[in-house]
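All values below were derived from every heavy atom in this structure, side-chain atoms included, with hydrogens, water molecules and symmetry-related copies excluded.
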Amino acid sequence: MALLKELFYDSGKPLTEFYTWMHGIWAGWGMPGFLLDFIFQLAIVAAVTVILVLNALWIIYYDRKISALMQIRKGPNRVGPLGLFQTLADTVKLLIKEDINPKKVDILSFWLAPLIIFIPTFAVFLVLPFGSGLIPADLNIGILYVMAITGLTVIGILAAGWGSNNKYSLIGGMRSAAQIVSYEIPMVIVILTVVLMSGTMKMSGIVAAQAKQWFILPQCVGFIVFLIVGNAEVNRAPFDLPEAESELVAGFNTEYSAMKFAFFYLAEYTNLFLTAAIATTLFLGGWQGPWPVPPIVWFFLKTYFVITILCWIRWTFPRIRVDQLMEFSWKYMLPIALVNLVVTAIIIKL
Amino acid sequence: MIKAPFEMEKISDEEYVLNMGPQHPSTHGVLRIVLKLDGEVVSGLYPDVGYIHSSVEKMCENKKFEMITPYTDRLDYLSAVNYNWAYVAAVEKLMAIQVPERAEYMRVMLAELNRIMSHLLWYSAFGMDVGALTPIFYAFREREEVIDMVEGMTGGRLTHHAFRIGGFKNDLQKDFLPRLKKFLLKFEDRISEYEALLINNVILTARTKGVGILDKAKAINYGVTGPTLRGSNCAIDLRKNAPYSVYPKFDFKVCTGKNGDTWDRLKVRMDEMRESAKILKQAMEMIPAGEFCAKVPRIIKPAPGEVYTMVESARGEFGVYMVSDGTEKPYRIKFRSPSFSNLSVLKEITIGAKIADVIAIMGSLDLVIPEIDR
């Protein structure tokens, strides 16, 4: 049991030991070391990809089950036990569907857009602290990296809107650009407040700073602002204007089908997970929790708690209007976040 | 495809034209709306109707009188009974048929149940229009019960073909009244639940209050009727103002809004469901025993003449103008459909609003397209 605890709480150590051990064998074979490093990096990327895709499939199922609960129905329950393979079946369907390219699309941006949207969400996983020492790359500007990389998705959505050569897509893309840019500012300010409290931008450092007290207690305002703004960042109801179904048919992904559409879908749900995971790391103490439950389980438990809240919001509220969306960000979220930052700074200084 | 008037005009560099429909999730059928937009702001609007024109009026001229009733079902598939009623009443008026009192009460009950059905569907669809996907399931829970009741009575779930000339085909089912009683017991609470879920929601009120204001004079000038007119603070309801059947015997009030904005139109419909429940409660107790159908001749051959009858349907005044030349078939039938007049006012109240508002305003007008196109 103690060994297990050690394994979970210092996952970095056995991994490093394994790494040096492999290096020894590798050198014994007379192979250059950088090749092994490369293989290790590939393995990490592969592991993250598998986690990401499986996780996204599961979240889609989870979201549908939550929505079913809210809407007094049963949700997916036909494919596999409890309908667990429903999303898998949907993905397979999307994979083997005809990939339609409308005649007058701007082929370069039309093709690149799904990738530009998908890759950043994928890249952010590299700095997520899943557990103690379980972090693919512990950058010392971790949270800044997260913000910088997720900011790229807007380019993808704009490219999709523009490249589709469809007015609905274009409106969706433009709305999305306005929305993501204006909601990023309060988000950054809230994150700055957390950085101020923890004194580091390192993801592991932020988690470690919450060993005594989770930041949700002193930063409850920040947490609420983060949830709202994060929800807007991932374009989910009530902020789903870029793909507002009843207004813009499907917004920026109107013209997409098959695998390209699957990429958008996957990215949307991965983004949802990311927002929840970052909220967990910043406010809910990351992977920390009482022992009998391993840290990685704590991390996922907390993340899914946040996801449940976001789903609950999504399936309850009607959609907000575009001018109100802007107003809400600039007139309410931004001042609240700013005041929160200043007050936190003063209290810390005192 | 017909071009909208402003498509042929010069459009400034700031503006563009957006085709909403005929295939669009929120036009509720095959309605095409051409929008001239400046960014997100609507600067021009042109509804293009007629995509599912099926020449019902012309078809009616080639059918015998008793064969026409099912056609009126198809005009408005959401409150079919009221449309039956206007037609059947026209024939009865021409032939001077006295409908038995029990049949009149049955008609009122079915019509009010139908109004509830229609408003519940409108509520669900409006929720979807503004991006709330949950209300539909709650509204349909109750709608299902109503449909089951009406199905037991008429055999149909959507286009019931409930009314016959002179009354009904059969009497009420034995369990109809107990079921209705059980349903009405909880229904008012359920309406409050719907209001809490959608109508009084912060985001929804922010989106609909002060949007799409239709003032009283304009509404009357455009011939707007029904809940849309009553939302503009104009208490005109044919059940009160031009009473037909046994409506004068019931105690109910005409619900009106204050400002004539989108939210008022929503609220009027929610209140109307309460009033319908009230009428149903009274009708349930007052319904007399007796015949359910008048003595009607085998061959229906009204005397030559013309007649206009109107009823208050879920959407407004539905009128039937009929000319008979003394044969088994009508010489001419003209339907006055409320949705057509209600749609015509859309342009007036939408200019200057956002794209999302067009959807919300259109939803609040509660349009049914087959009835517009006929």
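- Within a 6.0 Å sphere centred on CD1 of I52(B), other residues, nucleotides and ligands contribute more than 12 heavy atoms.
- Of all non-hydrogen atoms in Q71(A) and F137(B), the two that sit nearest each other are OE1-CE1, 3.0 Å.
- Rounding to the nearest 0.5 Å places NZ of K167(A) at 7.0 Å from CG of N19(B).
- No more than 12 heavy atoms of other residues, nucleotides or ligands lie within 6.0 Å of NZ in K347(B), so this atom counts as exposed by the packing criterion.
- For the pair I171(A) and E40(B), the minimum side-chain heavy-atom distance is below 4.5 Å.
- Contacts with chain A were tallied for I355(B), L18(B), I359(B); L18(B) has the most, counting heavy-atom pairs under 4.5 Å.
- The environment of F85(A) atom CZ is sparse: at most 12 non-hydrogen atoms of other residues, nucleotides or ligands sit within 6.0 angstrom.
- With a 4.5 Å cut-off on non-hydrogen atoms, Q324(A) touches chain B through its side chain but not through its backbone.
- The two residues M20(B) and Y168(A) come nearest to each other via the heavy atoms CA-OH, 3.3 Å.
- Atom-to-atom distance recorded for R73(A):CZ and R141(B):CZ is 14.0 Å, nearest 0.5 angstrom.
- Counting non-hydrogen atoms of neighbouring residues, nucleotides and ligands closer than 6.0 angstrom, the CE atom of M128(B) reaches no more than 12 such neighbours.
- Other residues, nucleotides and ligands contribute only 12 or fewer heavy atoms inside 6.0 Å of the NZ atom of K331(A).
- With a 4.5 angstrom heavy-atom cutoff, R321(A) touches chain B via backbone and side-chain atoms both.
- Counting non-hydrogen atoms of neighbouring residues, nucleotides and ligands closer than 6.0 angstrom, the CZ atom of F140(B) exceeds 12 such neighbours.
- Residue L197(B) holds its CG atom at 11.0 Å from CE of M70(A), rounded to the nearest 0.5 Å.
- For V211(B), the part lying near chain A is the side chain, with the backbone staying farther off; criterion is any non-hydrogen pair under 4.5 Å.
- Although no hydrogens or angles enter the test, the distance criterion places a donor-acceptor pair under 3.5 Å between the side chain of T134(B) and the main chain of W315(A).
- Partner of P318(A) under the side-chain contact (heavy atoms from CB on, under 4.5 Å) criterion, chosen from V202(B), N201(B), L133(B), T208(B): N201(B).
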